[in-house]
Every structure is written in C-alpha cells, then in structure tokens.
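Let me begin by presenting the structure, written as structure tokens, before commenting on it.
Numbering starts at 1 and runs along the sequence shown.
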Amino acid sequence: QELIQQNCEKMKTIMPDASIGIYSAGLKQKDKTAQITFASIQSIYNKTMTEVGAFDVVLVDEAHRIPVSGEGQYREFLRDQARLVKGFKVAGFTATPYRLKGGVICHRKNILNRICYEVPVTKLINEGYLCQPVSLSDEYQIDTSGIKTSAGDFNLKQLSEKVSALEIVQKTAKEIISHTKDRNHVLIFASSVEHAELLSAEIMSNCLHSCPVVSGETPKEQRKLFLRDFKRGIHKYLVNCMVLTEGFDAPNIDCVVIVRPTQSPGLYMQMCGRGLRLHESKKDCLILDFGGNIERHGPIDNINPPP
C-alpha cells in the first residue's frame, strides 16, 4: 500500500493535469476510469474481464515478482490484457532482475524479453543519484552451517531458532549499538517476528533509544505510526521482519543492519537498497552485515546473480 501511494503521489507532481487513479482494495479506492491507474496486483489480477477493462500499457514496478514460468497473478492479468488489446505492451522496472529460482527474469522466451535500459549501481552512485554505501561485515557473523535450504533459501524455522538464541541476540544488539553511535536512522532486518522482538528489547535495554518492531502482525494504524515517527527521527532504530524490503521510502536512513542471512541476492540487494537514497542529512549509508551476505553475494555494486 505504501508503494502504491508513494508512486501515485510522485506521478501527480510530474503530471498534475493528468487523470490519475488508484485501484487497491487495501486503500479502499477502485478507480476504473483514470487515464493512469496505480494498482496492486492482488486487487486487480482477475478483474480485467469484469471491472477494469483494457490497458494499452502496463508498467510493473518490482518486476522480479513476475514468475518466469507457470501461473500466478501477474501472468493471469497480463494474459487477459493481451487478449483484449492488439499491440499491448508491458515493461518492468527492478533493481534485482533475477529470481532465486529461475535465474534472470529477462529472456527471449519470458514475458519480459528485451532489456530497454539498464544502468549499473556504481554509475548511479558515481553520478550522484544514489548515496555512497559503506559496507561493514562485522567480525561476529551468524553461523548458518547445518541450516537446511527450503524453497531456495535458508529454512526460516531453523534460521529463527538459531538467531533467536539469547547469546546471539545479546551479542548482535551490542555490536549494532557500538557501530551505530554516529548514525541517526537505523533500519534493521531480522530473520523472524520472534527474532525482531527479541532484538528490539535487547537494543532498548542497552541504550537510551526507542526501537519499535514492524512485521506482518503489526496492526495497520500502529505500523503507520511507527513508520511516520521513524522517518521523523523520533525513533533512531526500527526493526522489521520482511515488510520493508521493497518500496519503503525513507531517504534519511543512514544505516541498514542485516541480521538476516539469505541465499537470495535479490533480497540482499533489496535490503541494502533501503539506505541508498539521497538525503541532505547524510553523506553515506553504512551497510552492517551479520549474515555473511557480503561474502556470499558480493558487494552491492557487483552482485553475483543466481544461475
């Protein structure tokens, strides 16, 4: 919902005279007549033939979510649109053009079959479109040996049990506080809801700063309040579990802490990317990794994609 609202608001500043609407059940808006419609795929995927009708062009943000094969909401929606409109076009935008299972998303046999434009992260940093990342792989790294792989990534149940051990939480919290003394807006990625809550409690018990938790279980209004206050600087720390990996717009984040080992280069890049937006209050962004991700995937300007 945050992503839809942010993109819609940005478009209105660029095209103030255009007819722009939103189709999203979560936002309680279902505009069917606008020239440009911002939609959530969950709300619109099966409505082509019954409500929303045809579009000449569909632009997909976070396009790595389109499956490269099989079925899915995106594939159903795009198939229905192609049936209605001759010459229908679809374009995708993503900072991570690969899937954990399936490799690169752009291939001559895929829905996204041609690269129209690409730009390396290094170029964006050097030309001043993104801020400079400063990577630090802490000496203390979470040991993932023995954790099984499920659906192409570390088994979340086993991973949570590992990282939620009291000794590991205490050590991690101590290191986070030590490395972020000179940072103002610290976004932390935890491995599970339980892990996020334990880490938050340990950080608050060892420093004077608040550290709320945002997860899929957080009530909607409370989540809005936490995010708003974090952006305003009321909270120095914010721990989240898999809800702020895409689209979260808080340019003043000057430190991203990853306590979430992952085998997915896309997820790793998404987490790092939350801190790369420009803001007058920062000169760089510290990427603090406890999950062995930098060693596993490489620096964010030279990621090793999956085969």
Side-chain angles (χ1 to χ4, degrees), residues 1-11 18-118 150-153 156 215-216 220 242-249 262-267 269-270 273 305-307:
Q1 293 174 25
E2 287 95 350
L3 188 59
I4 293 170
Q5 286 182 313
Q6 287 168 184
N7 285 351
C8 186
E9 288 166 6
K10 290 289 176 69
M11 178 62 83
S19 169
I20 300 174
I22 287 177
Y23 194 99
S24 168
L27 294 173
K28 295 182 173 55
Q29 296 182 59
K30 292 191 175 183
D31 194 314
K32 305 172 189 176
T33 61
Q35 177 191 11
I36 302 169
T37 301
F38 287 85
S40 60
I41 190 63
Q42 295 89 346
S43 296
I44 207 172
Y45 79 96
N46 58 354
K47 301 295 193 302
T48 292
M49 303 303 182
T50 58
E51 289 190 36
V52 298
F55 297 96
D56 300 301
V57 179
V58 171
L59 307 179
V60 181
D61 199 9
E62 310 293 359
H64 52 273
R65 289 184 170 273
I66 301 176
V68 295
S69 62
E71 292 300 315
Q73 294 176 343
Y74 275 112
R75 294 180 71 87
E76 179 177 345
F77 175 67
L78 295 174
R79 182 174 59 243
D80 288 345
Q81 288 293 320
R83 289 172 181 164
L84 291 182
V85 181
K86 185 178 179 179
F88 165 71
K89 296 288 191 300
V90 55
F93 301 86
T94 179
T96 53
Y98 31 76
R99 295 177 66 89
L100 185 57
K101 297 175 69 176
V104 294
I105 62 173
C106 188
H107 186 274
R108 60 185 178 84
K109 295 182 179 180
N110 294 349
I111 290 175
L112 300 173
N113 50 50
R114 181 169 62 90
I115 296 175
C116 304
Y117 178 78
E118 61 181 329
S150 299
D153 206 348
L156 287 178
S215 73
K220 182 177 178 181
M242 297 305 295
V243 294
L244 302 180
T245 53
E246 296 177 351
F248 178 51
D249 187 20
T262 179
Q263 296 178 37
S264 167
L267 176 57
M269 182 63 189
Q270 291 284 359

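- Residues A34 and S19 approach most closely at CA-OG, 3.3 Å, considering heavy atoms.
- Smallest separation of non-hydrogen atoms from T94 and H64: OG1-ND1, 2.7 Å.
- Residues D153 and T262 bring a donor and an acceptor atom of their side chains to less than 3.5 Å of each other.
- Residues G216 and V243 approach most closely at N-CG1, 3.6 Å, considering heavy atoms.
- For the atom pair OG of S24 and CG of D31, the computed distance is 12.0 Å after rounding to the nearest 0.5 Å.
- Side-chain atoms of Q81 come within 3.5 Å of backbone N or O of G53 as a donor-acceptor pair.
- Taking 4.5 Å as the limit, every side-chain heavy atom of H107 sits out of range of all side-chain heavy atoms of N113.
- In terms of heavy-atom proximity, F55 sits nearest to F88 at O-CD1, 3.4 Å.
- The closest side-chain heavy-atom distance from V90 to V57 is not below 4.5 Å.
- At least one side-chain heavy atom of Y74 sits under 4.5 Å from a side-chain heavy atom of V60.
- With rounding to the nearest 0.5 Å, the separation of CZ in F38 from CD1 in I22 is 8.0 Å.
- Distance alone, capped at 3.5 Å, places no donor-acceptor pair between the K28 side chain and the G26 backbone.
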### Query
Should E62 and L3 be marked as a side chain to side chain contact (heavy atoms under 4.5 Å, CB included) after you check the CA-CA gap, both sets of side-chain angles, and the distance that decides it?
CA-CA 10 Å; E62 310 293 359; L3 188 59; 4.1 Å; yes
### Message
Test side chain to side chain contact (heavy atoms under 4.5 Å, CB included) on N46 and F77; report intermediate values, then the result.
### Response
CA-CA 6 Å; N46 58 354; F77 175 67; over 6 Å; no
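- Without hydrogens or angle criteria, T37 side chain to G21 main chain gives no donor-acceptor distance under 3.5 Å.
- Between A39 and I4, the shortest heavy-atom contact is C-CD1, 3.9 Å.
- To the nearest 0.5 Å, atom CD of residue Q6 and atom CG of residue D249 are 4.5 Å apart.
- Taking the salt bridge (charged side-chain N to carboxylate O under 4.0 Å, His left out) definition, one finds that K32 meets it with E51, sequence neighbours left out.
- With rounding to the nearest 0.5 Å, the separation of OG in S40 from CD in Q73 is 9.0 Å.
- The distance from the CD1 atom of I105 to the OG1 atom of T96 is 7.5 Å, given to the nearest 0.5 Å.
- Contact annotation: the side chain of K89 never approaches that of D56 to less than 4.5 Å [non-hydrogen atoms, C-beta and beyond].
- Look at K47 and E76 and you find no salt bridge, because none of the NZ, NE, NH1 or NH2 atoms lies under 4.0 Å from a carboxylate O.
- Between the side chain of N110 and the main chain of L112, no donor-acceptor pair closer than 3.5 Å is present.
- For S150, the side-chain hydrogen bond (donor to acceptor under 3.5 Å, both in side chains) test picks out N155, with sequence neighbours left out.
- Take R75 and apply the salt bridge (charged side-chain N to carboxylate O under 4.0 Å, His left out) test, not counting sequence neighbours, and it matches no residue.
- Minimum heavy-atom separation, A25 to S43: N-OG, 2.9 Å.
- To the nearest 0.5 angstrom, S215 atom OG is 10.0 Å from L244 atom CG.
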